[in-house]
Asks: 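Next up is a structure, given as structure tokens.
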Amino acid sequence: MASHGSATPMTSRASGPLRGTAFVPGDKSVSHRALILGALAVGETKIAGLLEGQDVLDTARAMQAFGAEVIRHGAGNWSVHGVGVGGFAEPAEVIDCGNSGTGARLVMGAMATSPITATFTGDASLRARPMARVTEPLALFGARAFGRSGGRLPMTLAGAADPLPVRYATPVPSAQVKSAMLLAGLNAPGRTVVIETVATRDHTERMLAEFGAEITTEVTPEGHVITLTGRPELGHRSLAVPRDPSSAAFPVAAALLVPDSEILVPGIGLNPARAGFYETLAEMGADLERGNLRVEGGEPVADLRVRHSVLSGVEVPPARAASMIDEYPVLAVLAANAEGATVMRGIRELRLKESDRIDAMARGLEAMGVRVEEDEDMLTVHGMGPGGVPGGATAAARLDHRIAMSFLCLGMAARQPVTVDDAGPVATSFPDFVPLMIGLGADLQRA
Ligand code: S3P
């Protein structure tokens, strides 16, 4: 579980140009799914490039608790001996998902149609997040949840002994909700249908198809209609996890901000349902090239070359929110260094992440001397131009890896150093963030 023990304050200062190659870790979303589908497959699945962040390690431990054998062979190289769809054993221990909403929600889905009971918990951040968004639709299969008020962890989930197939339209744009329903649908007889009005990341659908499940997506006037045929035999020999576009966003942003920088960020997954940040950067005037486009592990991948750029504020279309939902914090940092205002609308889901990310960014940016406006569903950042942010303050990370990394990036271009009260949560998704940034030339030090 992440962020136990004492806080690790860290200070970021302006440095010379950032140069070199940034090998960011494997995709967090894909890594969780690789472990879970590996555990539900028959026989051995080999995984290369797995993210070894705490969130994913917690999911690996959960899969072991449900009876799969999970083995680490070397950096990023893992194998999972699965128990087959419907083969989960009842865990003897509480499932601790640490900081990870994805881990908790996807694992709940994966067990919800097996006749077993499991209790889930997590750190203070995860215990504050809403789980009813998955347990209510999982009840349609016949699963029963007993949690704290507001549907919060710790929570016990009793899986359905005789699951029914379900037809469900997601009321919020959430790949976690969609994925929980599809994973539950695996062990329901017949066809489970999930309908999304706003398309979210489709890693689960792609990977289920790679594992041999019968799954289709139709675009209809009702939305994206995803149909999964239950009780398949899943099997796969090897999976390559692309590098994480959400983690790449941090060195990319740093190179855009620090004068004379130029870096290469190879092997980044650019699934269109994840790539909205990179479209927004192009609109802001970023010097960003995609090269060597290819497909790896069923996902589109490219190498990114980024050079320092003078950015302009933009209005981010709300329709793009789902495809860059994790990148708004670092976008707010870029916006603070842009010329003119950047308006981000349609982002209320940010209030339900590892922290309330609208509030965390707004309060932190204000402390650094940046003017912001916000409402329930919107954040506007008034840009101060390149290098124009005063800085010289401490931002609260709030147990949120992306808030911590965003403010460390801000410090690389601010007039005065920026301190983050706890950089510990960075280990959930990007354990080598600090050495990687120092290797490129950044000045990050324990405060
Ligand atoms: C994720 C989906 C997103 C995202 C999270 C990872 C996933 O959450 O914020 O970091 O892997 O499915 P929601 O689906 O709740 O929007």
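Computed from heavy atoms alone, side chains included, the values below leave out hydrogens, waters and symmetry copies. Just so you know, ligand 1 is whichever comes first in the structure, and atom 1 is the first atom listed for that ligand.
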Asks: Are any of the side-chain nitrogens in Arg357 or Asp400 under 4.0 Å away from the carboxylate oxygens of its partner?
Replies: yes
Asks: Less than 4.0 Å between a side-chain N and a carboxylate O, is that true for Glu93 and Arg61?
Replies: no
Asks: Are any of the side-chain nitrogens in Glu283 or Arg320 under 4.0 Å away from the carboxylate oxygens of its partner?
Replies: yes
Asks: Taking Arg294 first and then Asp303, would you say they form a salt bridge - that is, a charged N and a carboxylate O separated by under 4.0 Å?
Replies: yes
Asks: List, ordered by chain and residue number, the protein residues whose closest non-hydrogen atom lies under 4.0 Å from any atom of ligand 1.
Replies: Lys28, Ser29, Arg33, Thr102, Pro173, Ser174, Ala175, Gln176, Arg201, Ile325, Asp326, Lys353
Asks: Is the backbone of Leu153 close enough, under 3.5 Å, to the side chain of Arg148 for a donor and an acceptor to pair up by distance?
Replies: yes
Asks: Would you mind checking if Arg345 and Asp375 are paired as a salt bridge, meaning a charged N to carboxylate O distance below 4.0 Å?
Replies: no
